[in-house]
2 protein chains.
Amino acid sequence: MARTGDDTKQRIREAGVALLSAEGLSGVSLGALAERARMSKSGLFAHYRSKDDLQIDLLLASTEISARVVVTPAMSAAPGLPRLEAIFGLWCGWSRRAGLPGGCPIAAALFELDDLPGPVRQTVVDLEARWRGLLAGFVRGAIAAGHLPEALDVDQVVWEMTGIYLAHHAAMRLVRAADADDRAQAAFSRLIASAADDQKTQKTRE
Amino acid sequence: MARTGDDTKQRIREAGVALLSAEGLSGVSLGALAERARMSKSGLFAHYRSKDDLQIDLLLASTEISARVVVTPAMSAAPGLPRLEAIFGLWCGWSRRAGLPGGCPIAAALFELDDLPGPVRQTVVDLEARWRGLLAGFVRGAIAAGHLPEALDVDQVVWEMTGIYLAHHAAMRLVRAADADDRAQAAFSRLIASAADDQKTQKTRE
DNA sequence: GGCTATTTAGCACGACCGGTCGTTTTATTT
DNA sequence: AAATAAAACGACCGGTCGTGCTAAATAGCC
């Protein structure tokens, strides 16, 4: 078996995710990626059916990495609120910790594919929904552990966590603000403190 | 006097901001914009020194619109907290209210120009800083009016408002979530409520 | 070593990119 | 009506884009 092609594909994915992180979806062109993977444009293209296919594969590869450096390590924290706090801390700036040269590829793609339709956009939407569901599970875990009130609007908390993450991304990448981590942590702490007294964020709709 | 060229430039800017809103900076190519402004590529280009120049002009045009539909109307609200609440409400989804076909051009550019350097990026950074300063002024206004505590960390509040705005943008444009406005409003209310009791968000550093 | 399947490279294509050219149209002034 | 200046035009430059088609290299198996 020992097919050589798998090694090459691995190389492509590595270089591709790095490029995706650094320059966004629009920066991932066949030529640029081929150069970085040290192979010809057509040789690279032979591994994919289309550019959409490539982009989707790179997005999936990104989530595989994030699962490895964000979700898995968070599971070693105690269930409930500690685990929720762990995953948020690991989430912010995970791309840096994963050795990527730029920011979170999915966050960038979120804004890049605003509304232009197509399979790539759908992939991003799906990945985002899945991640949102995963976060919601962590929040529910904190509720089950009695650390957060039953009546909490889980989706609202996840929604606001996403906002903090996006602000962190922007602060890090665009403004290059050194205090981004502190700001994000402060915002998250306030969110949790506010969620803890069920007065403020209790569920209003079904 | 009565120069014809100004009308044309006006048409270019209008079509350009619309295109920028719909497809982002990368969607604004000379050819595509020329087609939408119903003129030739070269005729369009004659109005600018370079593509960077064009993009910068369109970004400025966007802020002019936002100033008209966000800042100005907010000034008619009572000074202090009401005015702060007004500008936040007007901020979220302003592009839709301004008749643009897509989302906030600056927010999109924020993520599109992650880190690739150049004059366009610098423009976005500057515009963002200016907007941030403007928001900070509104927050300080609420403090001056006695609606928010003196010890409040103003920048932190602005930072979190930005997060809510970005989450709102993503929810509207990507997920097409119908409840984006409600979510944003709830998050903002919680932020203000939390800021009102100075325990949580008091200034820690200088 | 030769056979065959896979993997890579080479090459060409049409479309579009940002940008420049000389020319034609349009409007203003005399 | 003639002269002049501004504005828009169409053609075209070198490049890069995504994507096919074909040939060369490289592997595993007998």
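Sequence lines set the chain letters: A, B, ... in the order given, protein chains first and strands last, and positions in each chain run from 1.
In this structure, A:Ala32 and A:Arg49 both approach DNA chain D, and ranking their closest nucleotides by distance from the 5' end singles out A:Ala32.
Counting to the nearest Å, the C1' atom of D:dG18 and the NE2 atom of A:His47 are 17 Å from each other. If you take CG of A:Asp53 and P of D:dG18, they are 14 Å apart, rounded to a whole angstrom. Atom CG of B:Leu33 is separated from atom P of C:dG19 by 13 Å (rounded to the nearest Å). When rounded to the nearest whole Å, the span between CG of B:Leu44 and C1' of C:dT20 equals 15 Å. Counting to the nearest Å, the P atom of C:dT6 and the CZ atom of A:Phe45 are 19 Å from each other. The distance between atom CD of B:Gln10 and atom P of D:dA7, rounded to the nearest whole Å, is 15 Å. In this entry the distance linking CG of B:Leu54 with P of C:dG19 reads 9 Å, nearest Å. Separating the CG atom of A:Leu30 from the P atom of C:dA9 is a distance of 14 Å, rounded to the nearest angstrom.
Between the side chains of A:Asp181 and A:Gln185, no donor N or O sits under 3.5 Å from an acceptor N or O.
Note on A:Arg68 versus A:Glu64: no salt bridge recorded, every NZ/NE/NH1/NH2 to OD/OE distance being 4.0 Å or above. B:Arg121 and B:Glu128 are not joined by a salt bridge, as no carboxylate oxygen comes within less than 4.0 angstrom of a charged side-chain nitrogen.
For D:dG10, the base has a donor-acceptor partner in the side chain of B:Ser42 [N/O atoms by modelled type, under 3.5 angstrom]. If you check distances only, the side chain of A:Lys41 does reach the base of D:dG18 with a donor-acceptor pair under 3.5 Å.
For B:Thr8 and D:dA8, the shortest distance from a side-chain N or O to OP1 or OP2 is below 4.0 Å. Here B:Ser29 reaches the OP1 or OP2 of C:dC17: one of its side-chain N or O atoms lies under 4.0 Å away.
Annotation: cation-pi pair B:Lys9/B:Tyr48 present, NZ/CZ under 6.0 Å from the ring centroid and within 45° of its normal.
For B:Lys51, counting side-chain heavy atoms from C-beta on, the closest listed nucleotide (D:dA8, C:dG18, D:dA11) is C:dG18.
Taking all atoms of both residues into account, the shortest heavy-atom contact from A:Ser62 to A:Val17 is OG-CG1, 3.8 Å.
Heavy atoms of B:Ala46 sit nowhere under 4.0 angstrom from any nucleic acid atom.
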